[in-house]
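A quick write-up on the structure given underneath.
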Amino acid sequence: MKIGIVGLGYVGLPLSLQFARSGVEVLGLDVDRRKVKALNSGQSYIKHIGGPEVREQVKAGRFKATDDFRQVRSLDAVIIAVPTPLNKNREPDISYILKTGEAVAPHLRKGALVVLESTTYPGTTDEDLRRVLEAGSGMKAGDGFHLAFSPEREDPGNPDSKVATIPKVVGGLTPACLEKASVLYGLAIRTIVPVSSCRAAEATKLLENIFRGVNIALVNELKVVYDAMGIDVWEVIEAAKTKPFGFMPFYPGPGLGGHCIPIDPFYLTWKAREYGQSTKFIELAGEVNTGMPRHVIRRLMDALNSRRQALRGSRVLVLGLAYKPNVDDDRESPSYTLMDLLAAQGARVAYYDPYVPVIRPTREHPHWAGLKSVPWTRTSVSRFDAVLIATAHDDVRYADLAKWSKLIVDTRNAMARVRCDPRKVWKA
Ligand SMILES: NC(=O)c1ccc[n+]([C@@H]2O[C@H](COP(=O)([O-])OP(=O)(O)OC[C@H]3O[C@@H](n4cnc5c(N)ncnc54)[C@H](O)[C@@H]3O)[C@@H](O)[C@H]2O)c1
């Protein structure tokens with residue numbers, strides 16, 4: 001069996017390696033030549049995936065990368081894991097999926113299986129992707145080729161989360177498509193969860209991410225309400241979490257980040273309109289979560305104000321640029337929004353992140369490209385009027401921060417781990 005995985009990013013690369021480790025021959029396809037070159041020479045560009053893991057599979061001849069889509073004709077199955085962002089008007093942009101479909105279709109072999117993994121609205125696989133695949137291949141889905149959807153469940157930075165042990169939801173266009181896709185994933189993944197259609201599988205992924213978005217909004221709202229009452233929401237969550245049933249902890253923060261939670265729910269919002277439906281929970285959660293960076297900046301202003309300082313002209317160090325702890329992924333990170341808001345108020349902004357030594361060019365925040373993380377030394381950290389903890393990486397020495405900094409605005413309750421003068425710390 002030889003399979004292709006299109007899109008060798010945070011989802012496609014670990015999945016490729018898992019199939020390769022299970023003995024399946026994998027051809028990785030990506031339009032980014034630098035990634036193709038790096039992988040073929042045994043290097044990884046994702047922090048939590050080691051170069052040796054890639055090298056092992058390349059050497060064994062089980063994994064190879066290419067940008068040549070003509071090689072699709074040698075494949076029994078093609079899995080697609082390309083980006084699904086929102087456009088400027090916050091509408092779904094499925095152009096990467098469609099482009100991939102167009103590139104794959106002319107080379108698709110009769111009887112081959114195509115599985116979409118990118119998170120998207122229900123109907124993408126059996127309407128949009130199906131249309132381009134049928135047009136380009138001259139074959140009918142469910143007849144000439146098989147078609148399925150299977151959402152990725154990746155938890156970057158979580159060492160206990162392994163592709164092989166995370167149950168895989170699969171939905172097919174026809175029972176035969178489902179059967180083919182289940183057999184494929186069964187080669188590399190322990191538990192397969194079949195559902196009745198591609199749409200049910202697409203909707204499952206959206207439910208999972210909407211669930212997170214809404215619950216994070218709930219604790220963010222409670223954080224503000226409880227703070228006004230003099231109650232620490234972190235203490236309350238710790239206590240509530242001792243309940244052995246019916247409660248699951250979610251934690252507040254400076255706003256949503258990452259490729260999934262800030263984006264995916266709006267894929268459903270957009271599609272729901274076609275059916276005359278509104279998604280009030282999603283909209284409300286979005287409103288609360290996007291209001292968080294401003295709330296944090298207001299807290300920082302209050303903190304500085306209590307020391308007769310203005311934000312304008314103050315030196316502020318943003319700690320943590322990645323959107324979650326212990327990873328180097330800064331996509332959609334609220335740290336950028338915080339930095340923009342700080343700069344707009346006239347603050348002098350710098351950042352520290354051991355995972356992001358220098359800011360790469362991004363579409364949304366090109367003006368920060370090239371800025372380097374400050375060094376973690378007493379001289380460098382003590383120069384700042386305030387440190388704003390946006391992401392609490394585990395290997396930051398918070399005890400140093402307690403000693404070196406003048407004022408800390410903590411959105412992650414990170415300073416609870418160390419002894420620190422409580423007058424210095426403002427939770428936000
Ligand atoms: N990162 C996560 O934790 C996560 C978790 C679950 C689901 N997802 C979903 O998986 C999908 C992929 O996300 P990701 O984080 O891996 O993205 P990514 O940006 O890390 O990787 C996507 C890759 O696709 C490549 N690519 C773009 N257009 C292409 C094309 N036309 N042909 C071939 N390659 C192309 C890019 O060069 C890149 O290497 C998205 O829909 C995302 O929502 C991501």
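Everything numeric here is computed off the predicted structure, so don't read it as measured data. Ligands are counted one by one from 1 in listed order, and the atoms in each one are counted from 1 as well.
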Is it the side chain (CB and beyond), the backbone, both or neither of [X] that lies under 4.0 Å from ligand 1, heavy atoms counted?
X	value
R331	side chain
F69	side chain
C260	side chain

Does some non-hydrogen atom of R153 fall short of 4.0 Å from ligand 1?
->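 So R153 does not count as touching ligand 1.
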Heavy atoms only: which of L29, T119, I46, D329 is nearest to atom 7 (C) of ligand 1?
-> T119
Where do Y355 and H393 land on the ring pair (Phe, Tyr, Trp, His ring centres under 6.0 Å) test, with the steps shown first?
-> CA-CA 9 Å; Y355 291 88; H393 294 303; 4.6 Å; yes
Quick one: nearest non-hydrogen protein atom to atom 31 (N) of ligand 1, plus distance?
->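 Going atom by atom, the protein heavy atom closest to atom 31 (N) of ligand 1 ends up being T100 OG1, 3.4 Å.
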Nearest to atom 32 (N) of ligand 1, what protein heavy atom do you find, and at what distance?
->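 The protein heavy atom lying closest is V31 CG1, 3.5 Å.
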N/O separation below 3.5 Å, [X] to ligand 1:
X	answer
E152	no
V6	no
E117	no
K99	no
K205	no

Does the pair [X]/[Y] count as a salt bridge with the N-to-O cut at 4.0 Å?
X	Y	result
K180	D76	no
K241	E238	yes
R397	D400	yes

Please identify which atoms of ligand 1 are closer than 4.0 Å to at least one heavy atom of S118.
->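 Those of ligand 1 that fall under 4.0 Å from S118 are 11 (C), 41 (O).
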Between E53 and S44, a side-chain donor and acceptor under 3.5 Å |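 No donor-acceptor contact under 3.5 Å links the two side chains.
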